[in-house]
Chemist: 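Got a structure here, written out as structure tokens. Questions coming.
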Amino acid sequence: MHRVRFAPSPTGFLHIGSARTYIFNWLFARHSGGTMILRIDDTDVGRNSDASETSIFDGLKWLGLDWDEQYRQSERLALHRAMADAIFEKGMAYRDFTPAQSGDSEKSGAQGTWLFNAGMRELSREQSDRRAAAGEPFALRFRVPHDRIGHVKFADAVYGEQAKAYADIEDFALLRSDGMPTYHLANCADDADLRITHIIRGQEHLSNAFKHQLIFDAAGATAPTFAHLPLLMAPDGMKLSKRVHGPVVSVTTYRDAGFLPQAFINFLCLLGWSPKNDREKLSREETVELFTLEGINRANAVVNFTEEEPFDPKALWLNAEHIRAMSPQDLARELVPFVPAGTDPEKLGKITPLIQERMKLLRDVQTVADFFFVDELPPYDPAELIPKKGDAAMAKNVLIKAREVLATAEFTHDALEAALRAASVELGIKAGQMFEPVRVAVCGRKTAPPLFGTLEALGREACLSRIAKAIEKL
RNA sequence: GGCGCUAUCGUCUAACGGUUAGGACAGAGCCCUCUCAAGGCUUAAAUACGGGUUCGAUUCCCGUUAGCGCUACCA
């Protein structure tokens, strides 16, 4: 039985990279009939925030991907310390009384890898105990066997066999001087305790996995299978970050713009994973069915966005595909939050099929169908009313004729079309020349949904009054 | 700097060591058409570079270059 976990730290908004990690974990669990675990990794007390946690839950709720068990890392500190103690008692960790390094002073120093703080590794147990008993603060560090020849090894389900020489791994911290576990320790202790079978997470942890392997080994636990995921990059080649790339990296931005959850999931899982059958648009069920770790590739993927167009064109296209695939009834329901409050559901039901294949985002209803929701059309240039190869006089004739015809015609798509086409014949003009002024009069612009359905949805009264107003303009 | 990872059209990707290197998005053009879409057709566009191994490398190996990640008492 596979057990996987998503373990976000509540220190920022739910990022699309994190969402993708969640999605892959979820797909793996559901595909294999396993267990999905949500674990809030909140050991960094200073940086945790409630807003961040809310954002994570909101985001996951919107995605609609459930989980089976939930934990909070901060409630499991005893477990973490027990593991640290066990490792310490085995002599595989030691106390480091060196005061915490102030910031990134020599972070990118050119003098090779830092391995440990001089003098601390060799402290005798007596000395160490005495200083600790005296209340001197210390961090607990893993005693990496630097002298040992050979490598720490593990098989990554995505990246294959991994090996790193003991001599290249620094004595990382297990416990901070305030007694709180570090990420490495807490992670491994929890993963072991929760009997996690597969750790599916971002590639930024690939190098950390050697340390984690060391911890699992030291604690006498079998390490889960690691499966690292290629990272999401910005178009400028940088790692996506809220700070430099803004709201495009936040899941709620996609939700608020009117992405369908499944379209968003579809887009994200195609970034770094392929069903290998040229399928692009996938339903949730199909994705679960097709998902395997073998389909994950190794190169980072870039999410395209610009100042003008904040969403990846492929994400937009997929969203449009999913929108078109919905029943108009379902779509109308999704549209409700994007439409003026109090919009008549019946009217929305009439409008929806007219705009369904003209939308990329749900919020597009506001620009594509705006004229349905106002009593009075915003001002437009009367010149717009003049049809191709025509003049103001023709426009006026058309509108007067249209007003006459529409006053009596049955207000259904087919009847309307027949009536207006007949009218154009009567006037001796092309059908297009007939439709264009009517469209502008009724919609306030030249590009709009199909005319007859629009007239029908708008209703006789509104059409007639808008045409009358247009005639006045000429 | 050290260590790790990666490299196919602009982007996402496909290709038992043998294909005219395929698909999709975005672009261009045509068709359809009451405008706009949608749809159909067409088009342009890639194996980073250099060495091997092999009858034959996108595919395997080595090097170079480039990018990314880690190198914290953040995660």
Side-chain angles (χ1 to χ4, degrees), chain A residues 7-9 11-12 41-44 46-47 96 98-104 107-115 137-141 156 159-160 162-165 167-170 172-184 186-187 201-211 228 230-231 233 235 237-239 267 270-281 297-304 309 312-318 320 324 355-360 368 388 417 420-421 424 430-436 438-440 443 445-452:
Chain A
S9 63
T11 56
D41 277 10
D42 55 351
T43 54
D44 187 358
R47 298 200 308 155
D96 182 348
T98 311
Q101 206 74 54
S102 58
D104 44 9
K107 196 179 168 193
S108 53
Q111 62 271 46
T113 320
W114 169 89
L115 286 178
F138 62 87
L140 191 72
R141 286 189 185 281
D156 189 277
Y159 288 93
Q162 302 296 313
K164 186 166 185 169
D168 287 329
I169 303 173
E170 74 280 4
F172 53 94
L174 259 19
L175 250 26
R176 304 179 231 186
S177 48
D178 61 3
M180 287 295 278
T182 61
Y183 158 75
H184 301 301
N187 232 266
R201 64 186 2 168
Q203 201 229 50
E204 71 262 30
H205 292 297
L206 188 57
S207 314
N208 290 333
F210 295 104
K211 296 171 189 167
H228 289 91
L231 265 20
M233 310 296 290
M238 300 212 302
K239 195 178 155 182
F267 169 66
L270 255 19
L271 255 22
W273 171 76
S274 164
K276 302 197 189 295
N277 60 0
D278 284 348
R279 293 286 311 281
E280 299 268 348
K281 180 185 158 256
N297 59 6
R298 290 168 284 279
N300 292 165
V302 355
V303 179
N304 267 310
E309 183 47 77
D312 190 301
K314 193 130 187 183
L316 254 12
W317 173 77
L318 274 170
R324 277 178 230 124
I355 60 172
Q356 183 156 15
E357 62 187 26
R358 267 157 269 264
M359 297 193 294
K360 287 187 161 72
V368 175
K388 255 193 291 268
E417 174 163 15
L420 287 174
R421 281 190 191 277
S424 73
K430 292 189 171 177
Q433 292 175 311
M434 180 80 210
F435 304 152
E436 212 175 307
V438 178
R439 171 177 294 114
V440 174
C443 304
R445 63 177 124 85
K446 283 183 167 160
T447 62
L451 185 57
F452 316 116

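Sequence lines set the chain letters: A, B, ... in the order given, protein chains first and strands last, and positions in each chain run from 1.
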Chemist: Side-chain N or O of A:K239 versus OP1/OP2 of B:C68: is the shortest distance under 4.0 Å?
Modeler: no
Chemist: Roughly, in whole Å, what's the span from CG in A:L175 to C1' in B:C74?
Modeler: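 These atoms are roughly 16 Å apart.
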Chemist: Check salt bridge (Lys or Arg N to Asp or Glu O under 4.0 Å) between A:R47 and all other residues, then give those that pass, not counting sequence neighbours.
Modeler: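 Applying salt bridge (Lys or Arg N to Asp or Glu O under 4.0 Å) to A:R47 gives A:D44.
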Chemist: Got a donor-acceptor contact below 3.5 angstrom from the A:D312 side chain to the A:N304 backbone?
Modeler: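 A pair under 3.5 Å: yes.
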Chemist: Below 3.5 Å between N/O atoms, which protein atoms pair up with nucleotides 18-22 of chain B? Just atom names and distances, please.
Modeler:
{"from": "B:G22", "atom 1": "N2", "to": "A:D278", "atom 2": "OD1", "distance (Å)": "3.2"}

Chemist: Considering residues at least two apart in sequence or located in another chain, which fulfil the side chain to side chain donor-acceptor pair (under 3.5 Å) criterion with A:Q203?
Modeler: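 Once residues adjacent in sequence are excluded, the partners of A:Q203 under the side chain to side chain donor-acceptor pair (under 3.5 Å) criterion are A:Y159.
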Chemist: Please name all residues satisfying side chain to side chain donor-acceptor pair (under 3.5 Å) with A:H184, sequence neighbours left out, ordered by chain then number.
Modeler: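 Listed in chain order: A:H212.
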Chemist: How many whole angstroms separate atom CG of A:L318 from atom P of B:U13?
Modeler: 13 Å
Chemist: Sub-3.5 Å donor-acceptor pair from the side chain of A:T182 to the main-chain atoms of A:L174, do we have one?
Modeler: yes
Chemist: Students often get this wrong, so: under 4.0 angstrom with heavy atoms, is A:G272 touching a base, only sugar-phosphate, or nothing?
Modeler: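 Sugar-phosphate contact only.
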Chemist: Taking side chain to side chain donor-acceptor pair (under 3.5 Å) as the test, write out the residues that go with A:Q433, two or more places apart.
Modeler: none
Chemist: Going 5' to 3' through nucleotides 4-9 of chain B, assign each nucleotide B (protein heavy atom under 4.0 Å from a base atom), S (under 4.0 Å only from sugar-phosphate atoms) or - (no protein heavy atom that close).
Modeler: SSSS--
Chemist: For a quick test of reading the model: is some side-chain N or O of A:N297 closer than 4.0 Å to OP1 or OP2 of B:U13?
Modeler: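 Affirmative; the distance criterion is met.
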Chemist: Nearest heavy atom decides the nucleotide; on that basis, is A:T98 or A:P230 closer to the 5' end of RNA chain B?
Modeler: A:P230
Chemist: Mind checking A:S177 for me? I need base, sugar-phosphate or nothing, with any heavy atom below 4.0 Å counting as a touch.
Modeler: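 Contact class for A:S177: base.
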Chemist: Partner of B:U53 by Watson-Crick or G-U wobble geometry, both contacts under 3.5 Å, or none?
Modeler: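 B:U53 is unpaired by these criteria.
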Chemist: Within the 4.0 Å heavy-atom criterion, would you say A:N304 contacts the bases, only the backbone, or no part of the nucleic acid?
Modeler: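 Contact class for A:N304: sugar-phosphate only.
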Chemist: In whole Å, what is the span from the CD atom of A:E170 to the C1' atom of B:C3?
Modeler: 10 Å
Chemist: Output one letter per nucleotide in nucleotides 32-50 of chain B: B when a protein non-hydrogen atom lies under 4.0 Å from the base, S when only the sugar-phosphate is that close, - when neither is.
Modeler: --BBBBSS-----------
Chemist: Quick one: label A:H228 by what it contacts on the DNA or RNA (base, sugar-phosphate, nothing), any heavy atom closer than 4.0 Å.
Modeler: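 The answer is nothing, as A:H228 stays clear of every strand by at least 4.0 Å.
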Chemist: Tell me, please, which residues at least two apart from A:A167 pass side chain to side chain contact (heavy atoms under 4.5 Å, CB included).
Modeler: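 For A:A167 there are no side chain to side chain contact (heavy atoms under 4.5 Å, CB included) partners, ignoring immediate neighbours.
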Chemist: Can you check the A:L231 CG to B:C12 C1' distance for me, whole Å?
Modeler: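 Between C1' of B:C12 and CG of A:L231: 16 Å.
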Chemist: Taking the nucleotide of RNA chain B with the nearest heavy atom to each, does A:S9 or A:E280 sit closer to the 5' end?
Modeler: A:E280
Chemist: Distance check: side-chain N/O of A:R141 vs OP1/OP2 of B:A72, anything under 4.0 Å?
Modeler: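 Looking at the OP1 and OP2 atoms of B:A72, neither is under 4.0 Å from any side-chain N or O of A:R141.
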Chemist: Taking atom P of B:G23 as reference, at what distance in whole Å does atom CG of A:L270 sit?
Modeler: 17 Å
Chemist: If I take atom CG in residue A:L316 and atom C1' in nucleotide B:C25, what distance separates them, rounded to the nearest angstrom?
Modeler: 11 Å
Chemist: Between atom CG in A:L115 and atom C1' in B:G2, what is the gap in whole Å?
Modeler: 10 Å
Chemist: At under 4.0 Å, does any side-chain N or O of A:R176 touch on OP1 or OP2 of B:C74?
Modeler: yes
Chemist: Taking only residues two or more places apart in sequence or in another chain, which ones pass side chain to side chain contact (heavy atoms under 4.5 Å, CB included) with A:A448?
Modeler: A:F371, A:R439, A:C443, A:R445
Chemist: For A:T43 and B:A75, is the shortest distance between a side-chain N/O and OP1 or OP2 below 4.0 Å?
Modeler: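 Yes, such a contact exists.
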Chemist: Between B:A72, B:A14, B:C12, which nucleotide gets closest to the side-chain atoms of A:S274?
Modeler: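 For the A:S274 side chain, the nearest candidate turns out to be B:A14.
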Chemist: Give the C-alpha distance, both sets of side-chain angles, the deciding distance and a yes or no for side-chain contact (heavy atoms from CB on, under 4.5 Å) between A:K388 and A:K430.
Modeler: CA-CA 10 Å; A:K388 255 193 291 268; A:K430 292 189 171 177; over 6 Å; no
Chemist: Is there, by distance only and without an angle test, a donor paired with an acceptor across the side chain of A:K314 and the base of B:A24 below 3.5 Å?
Modeler: yes
Chemist: A:L271 has an atom CG; how far is it from atom P of B:A14, in whole Å?
Modeler: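 After rounding, the gap between these two atoms is 12 Å.
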Chemist: Restricting to salt bridge (Lys or Arg N to Asp or Glu O under 4.0 Å), what partner residues turn up for A:E204, sequence neighbours left out?
Modeler: none
Chemist: Tell me, please, which residues at least two apart from A:P137 pass side chain to side chain contact (heavy atoms under 4.5 Å, CB included).
Modeler: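 Partners of A:P137 under the side chain to side chain contact (heavy atoms under 4.5 Å, CB included) test: A:S177.
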Chemist: Sequence neighbours excluded, which residues qualify as side chain to side chain contact (heavy atoms under 4.5 Å, CB included) partners of A:A209?
Modeler: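 For A:A209, the residues satisfying side chain to side chain contact (heavy atoms under 4.5 Å, CB included) (neighbours in sequence not counted) are A:F154, A:R201, A:F226, A:H228.
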